[in-house]
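Structure record follows, encoded as structure tokens.
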Amino acid sequence: MIRATSQGAYPGGWFGDPRLAGGGALMDQAGDAADLLRWIWGRELSQIYAEAATRHHDLPVEDAAMLLITLEGGLTASLDPSWSRPVAAWPGSGCLTIEVTGTAGVASVDALAQSLEVFSNARVRAEWRHWGDDLARLMLEDWLRAVRSGGPAPIGGEDGLRALELVLAAYRSAEIHQPVAVSKL
């Protein structure tokens, strides 16, 4: 069983406007985790059951969701894509975790964990002091390297399309409260 989270604080602005964003936390947070699930296990997403609601903020879009995902071959995963982190106190943009439980044990990964959590009497809120790799910079460098060399993009349009297919299937499932197939667009 795979348990994934992709949680953040509500970013504000147009993210809460369904006419501009097309959705809320599910649209904003689920894609990165879907990419990781496909990449790590080398399997496509085949079915999803989703529930979505507004629980944390006064918004016309969802800010909380829970997805039960089936990958090809029957591998299952749960995903919490939500804006459940406190807006005024959360020191970073979000968290992206995966925990795998199998017959031989448990493995946990926090993809954005290269930071120190600092709590101090001199500060009103916690602070993250980042160290290590700048993941956004590394992704951009990989993309630029591919463009300059004429090679394939490390993450292509098909990956974005697969993530969108998951999100659209999740919205449909949440609407009808039934599992749905993740359809290819």
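None of these values were measured; they are calculated from a predicted model.
At a threshold of 4.5 Å between side-chain heavy atoms, the hydrophobic network of Ile, Leu, Val, Met, Phe, Trp and Tyr places Leu96 and Val100 in one connected group. In the hydrophobic clustering of this structure, Leu20 groups with Phe15; members are Ile, Leu, Val, Met, Phe, Trp, Tyr whose side-chain heavy atoms approach within less than 4.5 Å, directly or through other members. Note on Trp41 and Leu67: same hydrophobic cluster, where clusters join Ile, Leu, Val, Met, Phe, Trp and Tyr whose side-chain heavy atoms are under 4.5 Å apart, directly or indirectly.
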Donor-acceptor contacts, no H, no angles, side chain residues 52-61, under 3.5 Å, sequence neighbours left out:
unit_1	atom_1	unit_2	atom_2	d
Thr54	OG1	Val61	O	2.8
His57	NE2	Trp83	O	3.3

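Taking the side chain as every heavy atom from C-beta outward, Val182 and Leu168 never approach each other to under 4.5 Å. Side-chain contact between Asp35 and Trp39 is absent, with no heavy-atom pair separated by less than 4.5 Å. Using a 4.5 Å heavy-atom threshold, the side chains of Ile176 and Val180 count as touching. Contact annotation: the side chain of Thr97 never approaches that of Val109 to less than 4.5 Å [non-hydrogen atoms, C-beta and beyond].
Atom CZ of Arg43 has more than 12 neighbouring heavy atoms from other residues, nucleotides or ligands inside a 6.0 Å radius. Around CZ of Arg148, the count of heavy atoms belonging to other residues, nucleotides or ligands within 6.0 Å does not exceed 12.
Once rounded to the nearest 0.5 Å, the distance linking CD of Glu99 with OG of Ser108 reads 4.0 Å. How far OG of Ser149 is from CG of Leu144: 10.5 Å, rounded to the nearest 0.5 Å.
Checked against Ile2 for a side-chain contact (heavy atoms from CB on, under 4.5 Å), the options Thr101, Leu75, Thr76 give a single hit: Leu75.
Annotation for Ala77 and Met1: closest pair C-CE, 3.8 Å, computed over non-hydrogen atoms. Closest non-hydrogen pair, Ser173 versus Ala50, comes out as OG-N, 2.8 Å. In plain terms, the two heavy atoms of Trp143 and Ala153 that are nearest each other are CD1-CB, 4.3 Å. Listed here is the closest heavy atom pair of Ala21 and Met27: O-CG, 3.8 Å. Between Pro86 and Ala9 the shortest heavy-atom distance is O-CB, 4.1 Å. Shortest non-hydrogen contact noted between Leu37 and Leu71 is O-CD2, 4.1 Å.
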- Message: Before you tell me yes or no, could you show the steps for Thr70 and Ile48 under side chain to side chain contact (heavy atoms under 4.5 Å, CB included), namely the whole-Å CA-CA distance, both residues' side-chain angles and the distance that decides it to 0.1 Å?
- Response: CA-CA 6 Å; Thr70 304; Ile48 186 164; over 6 Å; no

- side chain to side chain contact (heavy atoms under 4.5 Å, CB included) between Leu79 and Thr5, intermediate numbers included: CA-CA 5 Å; Leu79 171 59; Thr5 65; 5.7 Å; no

- Might you work through the side chain to side chain contact (heavy atoms under 4.5 Å, CB included) test for Tyr10 and Asp63, ending with a clear yes or no? CA-CA 8 Å; Tyr10 169 54; Asp63 59 12; over 6 Å; no

- Task: For side chain to side chain contact (heavy atoms under 4.5 Å, CB included), just list the numbers for Lys184 and Glu44, CA-CA rounded to whole Å, side-chain angles, deciding distance to a tenth of an Å, and then say yes or no.
- Result: CA-CA 10 Å; Lys184 300 281 188 248; Glu44 292 300 327; 3.8 Å; yes

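Between the side chains of Tyr49 and Gln47, no donor-acceptor pair of N or O atoms lies under 3.5 Å. No side-chain N or O of Ser46 forms a donor-acceptor pair with one of Glu72 less than 3.5 Å apart.
Put simply, the side chain of Ser82 never gets that close to the backbone of Ala64: no donor and acceptor are under 3.5 Å apart. With hydrogens and angles disregarded, no donor-acceptor distance shorter than 3.5 Å links the side chain of Asp142 to the backbone of Met139. Looking only at distances, a side-chain donor or acceptor of Gln29 sits under 3.5 Å from a matching main-chain atom of Ser6. At least one donor-acceptor pair under 3.5 Å links the side chain of Glu62 to the backbone N or O of Leu26.
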